Amino acid sequence: MRTQVVIVGGGPSGLLLSQILNLRGIESVLLERQSEAHVLGRIRAGVLEQGLVDMLRAADVGERMDKEGIVHHGFDISCNGERHHINLSELTDGKSVMIYGQTEVTHDLYDARCKMNGNVINEAKNVALFDLETDHPSVIYEKDGKSHKIECDFVAGCDGFHGVSRGSIPTNILREYEKVYPFGWLGILSETPPVSDELIYNQHDHGFALCSMRNANLSRYYIQCSLEDKVEDWSDERFWEELKTRLPEDAAKSLVTGPSIEKSIAPLRSFVSEPMSYGRLFLAGDAAHIVPPTGAKGLNLAASDIHYLSSALIEFYSNGNERSLKIYSETALKRVWKAMRFSWSMTMMLHKFPENEGFGDRMQRTELEYLFSSKAAQTSLAENYVGLPY
Ligand code: FAS
Ligand code: PHB
């Protein structure tokens, strides 16, 4: 088989790239290791930057998001029970964020791919990449016990942190930067009304907590937990009690609890691999970088990568110009590192660090006091949260 672009990975990065290329008449084959049901069963991000919202609308995938998504113009930060509002729209000349789950985005992308007869191959096993440093790379995969080879012009590595693409870049070329945080996030989904109209990020002596949502009757909550914790250590009752402890009093009082319909623990890390391209291979999304979810940037960074990569591929196939492809890595990494900085700073400001006694604690408290007292500090946080320009 031959195609123009092989896309490895059918999460939001790969599906969005496949949809954008298809709309511009560029052929692609997407290889996803898991079943469609497995991919659609993942519960992940919830906050979309304007850039991603615009991309989904331009890719004919924004209809349900515009019907069911909730536009948010701000959020609260509470510090040991004292609540402060960050008015995103006031601080960023009217910008906002959209609350719409990544699960729904992925659903809408799969539906759009199906409507356009996009070439998406699920349960494609043992994907391997070859001849990336030539102008005729190829990809091999197995499906239903048979091996298949695809000749192509380019490979897009959209296969997440545990994928095969990043590892296909020679170790003497790849540089990795990583910070692993000494805690995780225990997240639950419950069919209960959200505790507040907007998100609440809570800094507390017991640890961080986040109140988010998916719609008027589907709430998403997280609490910082130990890396030694297991999901089975946390009954729903224990979770709700600990969450209430970390919330400001008014929120704790009005919190509606109920059975969890999903419960999971995610470790937190900051990770960047450079370069994001090697020959005819281009990495995008979690295949190249991971942010702690405190800044709600993971999914949104995947979107800006796909913006740069799809534009560069469209330029190449329209007029043969490879310039944007050659500077893709440098261009994408400029925005990646800024989102990495923001996500790291939000994580350092809001979480309890066991080793942070004394000076570290005072720095954290001063950081928050400065934020609450300075419009300049709030403007800086707000412009990063709504999304820096592409
Ligand atoms: P994904 O990891 O979403 O997709 C990669 C795809 O490639 C997967 O479907 C995988 O099955 C497939 N794949 C892997 N190896 C393959 C192979 N060898 N061959 C073929 N296919 C292969 N971000 C936020 O902004 N807020 C959050 O709250 C948040 N919570 C998260 C919780 C968890 C547990 C995780 C893991 C991530 C979370 N993220 C969050 C980040 C997340 O949203 C990612 O940024 C987003 O999924 C990135 O999308 P992709 O780059 O498409 O990677
Ligand atoms: C979510 O709703 O899952 C969510 C929202 C904001 C974050 C992280 C996760 O910073």
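Note that ligands are numbered from 1 as they come in the structure, with each ligand's atoms numbered from 1 the same way. All values reported here derive from a predicted model rather than from experimental measurement.
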Apart from Phe130 itself, members of its ILVMFWY cluster (side-chain separation under 4.5 Å) are Ile140
Could you say whether the N/O atoms of Arg220 and ligand 2 ever approach to under 3.5 Å?
-> no
Against heavy atoms of Val47, which atoms of ligand 2 measure under 4.0 Å?
-> 5 (C), 6 (C)
If you measure from each non-hydrogen atom of Pro12 to ligand 1, which part falls under 4.0 Å: side chain, backbone, both or neither?
-> both
Once you round to the nearest 0.5 Å, how far does OG of Ser190 lie from CH2 of Trp240?
-> 3.5 Å
Is Lys326 positioned over the aromatic face of Tyr328, cation under 6.0 angstrom from the ring centre and no more than 45 degrees off axis?
-> no
Using distance alone, determine whether Gly295 and ligand 2 share an N or O pair under 3.5 Å.
-> no
Salt bridge flag under 4.0 Å for residues Arg323 and Glu330 = no
Nearest protein heavy-atom contact for atom 6 (C) of ligand 2: which residue, which atom, what distance?
-> Tyr201 OH, 3.4 Å
With heavy atoms only and a cut-off of under 4.0 Å, state how Ile99 meets ligand 2: side chain, backbone, both or neither.
-> neither
Is there a heavy atom in Arg42 that sits closer than 4.0 Å to ligand 1?
-> yes
Atoms of ligand 2 less than 4.0 Å from Leu199 heavy atoms?
-> 5 (C), 6 (C)
For atom 12 (C) of ligand 1, what's the nearest protein heavy atom and its distance?
-> Glu32 OE1, 3.2 Å
Can you tell me if Asn122 and Tyr110 form a side-chain donor-acceptor pair at under 3.5 Å?
-> yes
Is Lys67 close enough and on-axis enough to Tyr100, meaning under 6.0 Å and within 45°, for cation-pi?
-> no
May I ask which of Tyr221, Tyr100, Tyr222 has a heavy atom nearer to atom 4 (C) of ligand 2 than the others do?
-> Tyr222
With a 3.5 Å cut-off and no angle check, do the side chains of Thr347 and Thr294 form a donor-acceptor pair?
-> yes
In terms of residue, atom name and distance, what is the protein heavy atom nearest to atom 8 (C) of ligand 2?
-> Pro293 O, 3.2 Å
Quick one: look at Arg44 and ligand 2, take heavy-atom pairs under 4.0 Å, and tell me if it's side chain, backbone, both or neither.
-> backbone
With heavy atoms of Ala296 as the reference, note each atom of ligand 2 found under 4.0 Å away.
-> 6 (C), 7 (C), 10 (O)
Examine the proximity of ligand 2 to Ser212 and report which part, side chain or backbone, both or neither, has a heavy atom under 4.0 Å away.
-> side chain
Hey, is Ser264 touching ligand 1 through its side chain, its backbone, both or neither, going by heavy atoms under 4.0 Å?
-> neither
What's the spacing between Tyr181 OH and Leu227 CG if we round to 0.5 Å?
-> 12.5 Å
What atoms of ligand 2 come within less than 4.0 Å of a heavy atom belonging to Thr294?
-> 10 (O)
Give yes if a backbone or side-chain nitrogen or oxygen of Arg214 is under 3.5 Å from a nitrogen or oxygen of ligand 2, and no if not.
-> yes
Which heavy atom of the protein is the closest neighbour of atom 35 (C) of ligand 1, given with residue, atom name and distance?
-> Arg44 NE, 3.3 Å
Taken in chain and number order and not counting sequence neighbours, the residues that satisfy ring-ring contact (aromatic ring centres under 6.0 Å, His included) with Trp234 are none
Gln34 heavy atoms, cut-off 4.0 Å: which ligand 1 atoms fall inside?
-> 11 (O)
Quick look: Asp159 vs ligand 1, heavy-atom contacts under 4.0 Å, and the answer is both
Could you tell me whether Lys125 and Glu142 make a salt bridge, using a distance below 4.0 angstrom between a side-chain N and a carboxylate O?
-> no
